[in-house]
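Reading through the structure tokens given below for one structure.
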Protein chains: 4
Amino acid sequence: MTIQPETTARLLITCPDRPGIVSAVTTFLYHHGANVTELDQHSSDAHGGRFFLRLEFQTPALDLSSEAMSRAFGEVVGERFAMDWRMNFAANRPRMVLLVSKHDHALLELLWRWSRGELRVDIPLVISNHPDLRGAVEGFGVRFEHVPFTQDTQVAAEARILELCRDSADFLVLARFMRILSPDLVAQYPHRIINIHHSFLPAFVGADPYQQAYVKGVKIIGATAHYVTAELDQGPIIEQDVARVSHRMSIEELKRLGRDLERQVLARAVRWQVEDRILLDGSKTVVFS
Amino acid sequence: MTIQPETTARLLITCPDRPGIVSAVTTFLYHHGANVTELDQHSSDAHGGRFFLRLEFQTPALDLSSEAMSRAFGEVVGERFAMDWRMNFAANRPRMVLLVSKHDHALLELLWRWSRGELRVDIPLVISNHPDLRGAVEGFGVRFEHVPFTQDTQVAAEARILELCRDSADFLVLARFMRILSPDLVAQYPHRIINIHHSFLPAFVGADPYQQAYVKGVKIIGATAHYVTAELDQGPIIEQDVARVSHRMSIEELKRLGRDLERQVLARAVRWQVEDRILLDGSKTVVFS
Amino acid sequence: MTIQPETTARLLITCPDRPGIVSAVTTFLYHHGANVTELDQHSSDAHGGRFFLRLEFQTPALDLSSEAMSRAFGEVVGERFAMDWRMNFAANRPRMVLLVSKHDHALLELLWRWSRGELRVDIPLVISNHPDLRGAVEGFGVRFEHVPFTQDTQVAAEARILELCRDSADFLVLARFMRILSPDLVAQYPHRIINIHHSFLPAFVGADPYQQAYVKGVKIIGATAHYVTAELDQGPIIEQDVARVSHRMSIEELKRLGRDLERQVLARAVRWQVEDRILLDGSKTVVFS
Amino acid sequence: MTIQPETTARLLITCPDRPGIVSAVTTFLYHHGANVTELDQHSSDAHGGRFFLRLEFQTPALDLSSEAMSRAFGEVVGERFAMDWRMNFAANRPRMVLLVSKHDHALLELLWRWSRGELRVDIPLVISNHPDLRGAVEGFGVRFEHVPFTQDTQVAAEARILELCRDSADFLVLARFMRILSPDLVAQYPHRIINIHHSFLPAFVGADPYQQAYVKGVKIIGATAHYVTAELDQGPIIEQDVARVSHRMSIEELKRLGRDLERQVLARAVRWQVEDRILLDGSKTVVFS
């Protein structure tokens, strides 16, 4: 289906499930000239569960401005069903700030996809605790900020990161950022920090997952993109993928294969974030991919 | 989501796309007490395309009988949008007749899943052009009919098959049936005969696909479930899956691996057929899985 | 490669790695008329590691009996390189005893593959702590023994199991046997008991892994075949496989998908066991598949 | 297994199968101080088939120079078994020339892996029929040559390509080069030109395979790396991979997904080429990966 991205809007809804929601939502949109081109819904339970909805609609024939449309939806539909909802108009591109250390593979994958138009997102900034990747980042025309970050300087470093992100980041992506962020910083971006973990969570939480996988002798390794929460490697999982390994492979080869997984898994998670495809369901995600 | 299958109904719709369809359908259902628990839609093109919809709804609070509900839907909604539509009430289980030759793997997979309740379908009959599998079939408590089928007896054989299926089959499944059915027979069950082909179509059409794959030296083999049409191995594809192979494998090993693929692919296609998840889009399928 | 299984022998070797092993082994075999048709080797480390070898050779032109061949190999080659080794002649089919509870899917998969000749193994016996599957097992012409097994009767039950297996089992397979065997019983069959665990180990050790996976919201589920050791779900992993899941799937659907994984993973692990393809490397396995 | 790549040599052998080959080869190497660290063999048929062997061995303790070692092997072993063979010493890195048009994804993937040391190969040159990618290529410190190439100028263009490659290319890679090379040029690099085709061959030979796949409605798309021969898209297949697609995806999305497949499949094929893992078996390949 070929759609003009510029004239697309998205409506995301979470609310207690009860009859009549889809009817109310789609009737409202229809009456205001919105043409629904994609609709996904999910009920966590047929009786007393949560209801999740993602809609894409075309805006050329709307009879209201985007602000008025949002306000009216809230009053007419949102309040009636006690909805958590948001309406995003694609003209407003989200802003993503990337944090990275020395490994470049996840970062370059995202920058490359962004540069060829695969990701409708703005990247105002890449922040790193090492200066190494400045050239690579600036080569894409993206600003690079080096923020030294040691255990001793963590407070100042995080203050600097927050200062850099304020007014410029709708969400953050840890593209193999090797420092653990404090709960305070995480609390500033609730479910708006995406991390790529180099294992098939919940297996191999913590440091050196490839080493752990090698020692354990698993036959499949994986990578996991998840939202960062205060608890290490425990946040809601967005996407995972795996690859077969064998006794022939050294740890170095597991890492090489793992890098490929990390690139793909993080790229999918970021695309879904940018396209508003991820909804929270407690400690899990609903992904309308 | 745990749903009572007995009180579930499904609505399938295909029609020209235009604004207001989902609103009209869901509002109609809401007004008659139907609780929508699953909804999938698809537009083949944002401008002038076809619209496809599959809905599951719960029936306990309906204010009409199933017959009256269907009639009302047709008059109020179906005609207005020039819909191809059908409403299935799960109390009416579809009836599936299996055709098989000597290979038992696809047949046994389906019978085993059916016997443990994975497939909500009735199996009034298995028809074979060989007597070999009578014991296996009757062991599941299913009637077995041997219909000899050679090039010379094809007309009589197909007449007998049609006679056996009349009044007892909503759809047919060729679970490795090694005879090519005539266009006349196929025309009696348009898009209601499912075949499992032992290759990744459109590669390796025709006879001996594993031999063809072996000679070609492909690194991946596959299996394809598709609707049977008058043109051999060309009908709309329902499902496919693949497995890696290597130079180490003999043709026998390709066949062994392929049998596993065939079982899985056919089982999924049949489940989707039974659950009304397949809609036709010209020579392709839309599968709301 | 089409090989006569009746005239195939296999040589399995583990020893400290050092130069000259393959030369010594293959020269010995060549001089005695053995035709090597498959050879896999692995070194755990280029310096000071362990060496693993699996060979298949054809026996028609041997100049010694199988007993004399084995004795000569031990004296000429085995002792020189401090080898752990065994030579299996395919005429001697291994004997497998299956333990099962009420779930029939893993059991039937193995019996079905065995009955069509995919597994060159003898199955003298199926043991269950429930009587339910007697009919299914005896339908394959296999003896079924019901051994009640509760926490109170564990000692007697295990004594009975050992009695049944003595002289009739080269290895055991727990095809969803829902009781935990005592370390004493496990010690009788060191690395000769295969279990199928219904998760992607080491994620979701212990009970109800599908429930755990559902609560965690993973995007991929798995199954793991491993050797049983005294520590629950911690033995060397033989094989794993995975399938994608989504928020749409209920726990029941995870279980259905998981059953398919369990069948495939266990079938592969058993085939490799039967074909002498699994060597131990500490707490891991080397699988020459 | 951690190995020093600098001291690794590889021996590749194809010959008629008969008893004693592995014994002769490994005994020769052992007597000259070579330590075998990897060995793969394959017989196309147990009786009268072809034999394929790939060996890696460590060179520090060799008692001969590499030239003398090669000469001795040919005289002592190669002639005796009528072998096609070659011995590569890793100190000699192979030289790869890339041909590309406007699509940058396959090219950048290879350059990026090469720049981080994943591919032990020299890249003296990238040739393109368009000037667009000069900056991207030179950014990696690699020479870029623009050779205009139209139907009218094909003869001159190919002469120029051959001139550029002479003395600088051991093999060529068509990283989405959108021109069909003449049989004459192909004949200069027999089985030394790798192409990435954007479909799961032999399905969708020729132009616009994603369009073909979309129209056909396949549920899985693929990519294929193969050696170029005089017959379009028919050369020996080196590697393939696939991804699931659905009715939701537009042709643009198939292409995006396909680009990811192309990058991965081509990267694997090139790594295997660089590591001497590919042997020819008539119109097929034996890949010791």
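Basis for what follows: all heavy atoms, side chains included, without hydrogens, waters or symmetry-related copies. In the text below, chain A, chain B and the rest are named by the order of the sequence lines, each starting its count at 1.
Residues D:E109 and D:R113 are paired through a salt bridge, judged by an N-O separation under 4.0 Å between the basic side chain and the carboxylate. In this structure, D:R271 does not pair ionically with D:E239, as no charged nitrogen and carboxylate oxygen lie closer than 4.0 Å. Of the charged side-chain nitrogens involved, none lies within less than 4.0 Å of a carboxylate oxygen, so that B:E118 and B:R120 do not count as a salt-bridged pair.
In terms of non-hydrogen atom pairs under 4.5 Å with chain D, the most contact-rich of B:V287, B:V242, B:T224 is B:V287. By number of non-hydrogen pairs under 4.5 angstrom with chain D, the leading residue of B:L201, B:V218, B:V205 is B:V218.
Contacts of B:Q212 with chain D are absent, with no heavy-atom separation under 4.5 Å from either backbone or side chain. For D:V215, the part sitting under 4.5 Å from any heavy atom of chain B is the backbone (N, CA, C, O) and nothing else. Of the atoms belonging to D:T285, heavy atoms from both backbone and side chain fall under 4.5 Å from chain B. Contacts between B:F200 and chain D at a heavy-atom distance below 4.5 Å involve the side chain alone, from C-beta outward. Proximity to chain B involves both the backbone and the side chain of D:D241, based on heavy atoms less than 4.5 angstrom apart.
Taking the six-membered ring for Trp and the full ring otherwise, B:H247 and D:F288 have centroids separated by under 6.0 Å.
Near-neighbour residues of residues 258-268 of chain D relative to chain B, defined by a heavy atom under 4.5 Å from a heavy atom of that chain, comprise D:R268.
The side-chain hydrogen bond (donor to acceptor under 3.5 Å, both in side chains) check on B:D276 picks up B:R10, B:R86, B:N88, with sequence neighbours excluded.
Between the side chain of D:S246 and the backbone N or O of D:R248 there is at least one donor-acceptor pair closer than 3.5 Å. A donor-acceptor pair under 3.5 Å is absent between the side-chain atoms of B:S199 and the main chain of B:P209, judged by distance alone.
No side-chain N or O of B:S250 forms a donor-acceptor pair with one of B:K255 less than 3.5 Å apart.
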Step by step, would you call B:Q273 with B:Y227 a side chain to side chain donor-acceptor pair (under 3.5 Å)?
CA-CA 11 Å; B:Q273 173 78 17; B:Y227 287 121; 2.6 Å; yes

